[in-house]
Amino acid sequence: MKGKNNQLYHFFTTELMNWNEYDNNREMPWKFEKDPYKIWLSEIILQQTRVEQGLAYYNRFILKYPTVTKLAKADESTVFKLWEGLGYYSRCRNLLATAKIIAENHDGVFPSNYEDIVKLKGIGPYTAAAISSFAFNLPYAVVDGNVTRILARFFGIETPIDTGQGKKAFSSLADTLLDSKYPAKFNQAIMDFGATICKPKSPFCATCPLAKNCFSFKNEMTSFLPVKSKKIVKKERWFYYLLVQYKNYVLIRKRDEKDIWRDLHEFVLIESTKKESIKKIINSTGAKFFSQKAMMVKPCNTLFKQQLTHQVINASFIEIKLIEKLPLTGYFWVHKKEIKNWAFPKLTNDFLKENNF
DNA sequence: AAAACGGGGCC
DNA sequence: GGCCCAGTTTT
């Protein structure tokens, strides 16, 4: 039984490494990169993010911050502005924090072993394995969505990939399969393979070099593997944004609670768990303070909707022009021309763009 | 162990 | 409308 498994393992690795020689045309600026800083940056950007979406961000970051030392000296708001629109903003916060740690505690030199790398903020098992193998050619197998999908399908593993047990099993199997002489090449190959051949939908089994020994291909199971255990429940929220203005100034604040869009900015927010009438919002205790001192209150008709992983945000914007410059705790006044210097959620930028604000 | 964290693209 | 993406952190 063990011998049979070993043969299968060998087949998998051999075919995969062979495939990479000829059939892989994915071009990415960080491919075959050896600078751990550039690899790190690319891996953080690509967490839960498609290559096509992250590519432009990567290029802009490298241009502006060519080294980890340069990044470490950067202003947080500037870095967030550069990250704006990419999502999962804790990645940006951790990126800067880690750059500072490397600059201050490691003399600006990226750690060169897995144990030290995985301790850094924003770097988990996947990213540590990627940096270790790509930059330092250390034998750590990456386990991302591509890898779990390929392994679940090829070996017919029904263990859910999003459980502790599953992660352990897939990681262990990946380490067994890893070509320890060429870890960087193996890791690059398996992810390219997942992205181009063993795709989530409509994989190219007809031309797949692994198909003849693939459990899912032989048993018509590709559409059922891998298995995920968790069902996502979405909640719906209604955001009513007051564009409180005085002359050419508008009130904004930085979101600082543990919630979506932390460290991004927003206008005066009145939130509800359900849809409200604009009239009710304007007359609410939160808005009355302003509407009483307003020369103009104008709701914008468009409803902005943003789908997130665990929630749906519905946003309406209401313009309020004041006759005097009122203060509001937690908020600050900025000139309209300065708005573009602050990072905002995508939904807000959509509004700003549509309304030439 | 489960939940939360964005935004985009595909079917 | 649901799924998935070169996952990690927090609860």
Side-chain angles (χ1 to χ4, degrees), chain A residues 26 28-31 33 39-58 80 83-95 97-98 117-131 133-134 140-150 160-168 170-171 174 184 187-196 198-203 223-224 226-237 255 257-264 304-313 343-350:
Chain A
R26 283 180 103 200
M28 299 166 286
W30 49 83
K31 205 177 215 179
E33 178 61 60
I39 294 166
W40 167 56
L41 177 64
S42 72
E43 296 300 345
I44 301 301
I45 287 175
L46 268 48
Q47 286 170 8
Q48 296 292 286
T49 304
R50 287 167 195 282
V51 168
E52 311 85 74
Q53 191 189 357
L55 188 53
Y57 285 85
Y58 173 83
F80 265 89
W83 194 274
E84 181 183 52
L86 195 52
Y88 282 170
Y89 296 93
S90 66
R91 292 184 292 173
C92 181
R93 191 166 45 252
N94 290 332
L95 186 78
T98 289
I117 294 170
V118 81
K119 283 186 192 132
L120 298 167
K121 281 186 183 177
I123 297 184
Y126 163 78
T127 306
I131 298 170
S133 62
F134 293 142
Y140 294 89
V142 294
V143 182
D144 70 339
N146 292 306
V147 174
T148 52
R149 183 173 59 255
I150 295 167
I161 60 172
D162 55 352
T163 60
Q165 193 194 350
K167 282 171 188 159
K168 217 172 139 184
F170 285 103
S171 179
N187 282 340
Q188 189 60 60
I190 198 167
M191 289 192 288
D192 283 339
F193 189 82
T196 59
C198 199
K199 301 181 296 174
K201 306 275 181 192
S202 315
S223 60
F224 303 106
V227 173
K228 271 197 178 181
S229 67
K230 291 165 195 152
K231 297 271 176 287
I232 292 175
V233 282
K234 275 193 179 163
K235 71 170 176 178
E236 206 158 358
R237 302 166 73 178
R255 289 175 63 85
E257 53 281 304
K258 287 183 181 173
D259 193 6
I260 56 166
W261 301 332
R262 177 156 182 202
D263 290 343
L264 269 60
F304 289 81
K305 213 178 176 93
Q306 174 82 51
Q307 297 268 355
L308 306 182
T309 304
H310 289 89
Q311 45 192 301
V312 181
I313 310 298
F344 285 90
K346 197 254 182 195
L347 175 153
T348 305
N349 280 326
D350 287 347

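First the proteins, then the strands, lettered A, B, ... as listed; each starts at 1.
No contact: S90(A) has no heavy atom under 4.0 Å from any strand. Residue contacts shown for I44(A) are absent, as no nucleic acid heavy atom lies under 4.0 Å away. Backbone-only engagement by T127(A) is indicated by non-hydrogen atom pairs under 4.0 Å involving sugar-phosphate atoms exclusively. Within 4.0 Å of W83(A), counting heavy atoms only, lies no atom of the nucleic acid at all. Residue G194(A) is classed as having no contact, given no heavy-atom separation below 4.0 Å to the nucleic acid. Within 4.0 Å of D162(A), counting heavy atoms only, lies no atom of the nucleic acid at all. Using a 4.0 Å heavy-atom distance criterion, E52(A) is classed as making no nucleic acid contact.
Using atom P as the reference point in both dG8(B) and dT9(C), the two lie 24 Å apart (nearest Å). One C1' atom belongs to dA3(B), the other to dA6(C), and the distance between them is 22 Å to the nearest Å. Look at the C1' atom in both dG9(B) and dT8(C): the space between them is 23 Å, to the nearest Å.
What separates NZ of K121(A) from C1' of dG7(C) is a distance of 17 Å, to the nearest Å. Look at CD1 on I117(A): it is 18 Å from P on dG7(C), rounded to the nearest Å. Remark: C1' of dT8(C) and CD1 of I123(A) are 11 Å apart, rounded to the nearest angstrom. The distance between atom CE of M191(A) and atom C1' of dA6(C), rounded to the nearest whole Å, is 5 Å. Atom-to-atom, CD1 of I45(A) to C1' of dG7(B) comes out at 14 Å; the value is rounded to the nearest Å. Atom P of nucleotide dG6(B) and atom OH of Y89(A) are separated by 7 Å, given to the nearest angstrom. Atoms CD (E43(A)) and P (dG7(C)) sit 8 Å apart, rounded to a whole Å.
Shown are W40(A), Y58(A), F134(A); of these, the ring pair (Phe, Tyr, Trp, His ring centres under 6.0 Å) with W30(A) is made only by Y58(A).
Sequence order on DNA chain B of the closest nucleotides to T163(A) and K235(A) puts T163(A) first from the 5' end. Between S42(A) and G122(A), the residue anchored closer to the 5' end of DNA chain C is S42(A), taking for each the nucleotide with the nearest heavy atom. Taking the nucleotide of DNA chain B with the nearest heavy atom to each of Q48(A) and Q165(A), the more 5' of the two is matched to Q165(A).
The side chain of Q306(A) contributes an N or O atom lying less than 4.0 Å from OP1 or OP2 of dG7(B). Residue K258(A) places at least one side-chain N or O under 4.0 Å from the OP1 or OP2 atom of dT11(C). Between Y88(A) and dT9(C) there is no side-chain polar atom (N or O) within less than 4.0 angstrom of OP1 or OP2. Side-chain nitrogen and oxygen atoms of K346(A) include at least one within less than 4.0 Å of the OP1 or OP2 phosphate oxygen of dG8(B).
Counting non-hydrogen atoms of neighbouring residues, nucleotides and ligands closer than 6.0 angstrom, the CD atom of E257(A) exceeds 12 such neighbours.
Considering only side-chain atoms of R26(A), the nucleotide from dG7(B), dA6(C), dC5(B) that sits closest is dA6(C). When distances are taken from the side chain of M28(A) to each of dA6(C), dC5(B), dG6(B), the shortest belongs to dA6(C).
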- Task: Begin from the C-alpha positions of L55(A) and M28(A) and carry the test side chain to side chain contact (heavy atoms under 4.5 Å, CB included) through to its verdict.
- Result: CA-CA 8 Å; L55(A) 188 53; M28(A) 299 166 286; 5.6 Å; no

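Under the 3.5 Å distance criterion, with hydrogens and angles disregarded, no donor-acceptor pair is assigned to the side chains of Q306(A) and D350(A). Side chains of Y126(A) and Q47(A): a donor-acceptor N/O pair is absent below 3.5 angstrom, by distance only.
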Between N or O atoms, less than 3.5 Å apart, protein on one side and nucleotides 1-4 of chain C on the other: list the pairs.
| residue | atom | partner | partner atom | Å |
| --- | --- | --- | --- | --- |
| dC4(C) | O2 | R50(A) | NH2 | 2.9 |

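Taking only distance into account, the side chain of T49(A) meets the base of dG6(B) through a donor-acceptor pair shorter than 3.5 Å.
Using cut-offs of 30° and 60° for the angle between ring planes, the Y89(A) and F80(A) rings count as parallel.
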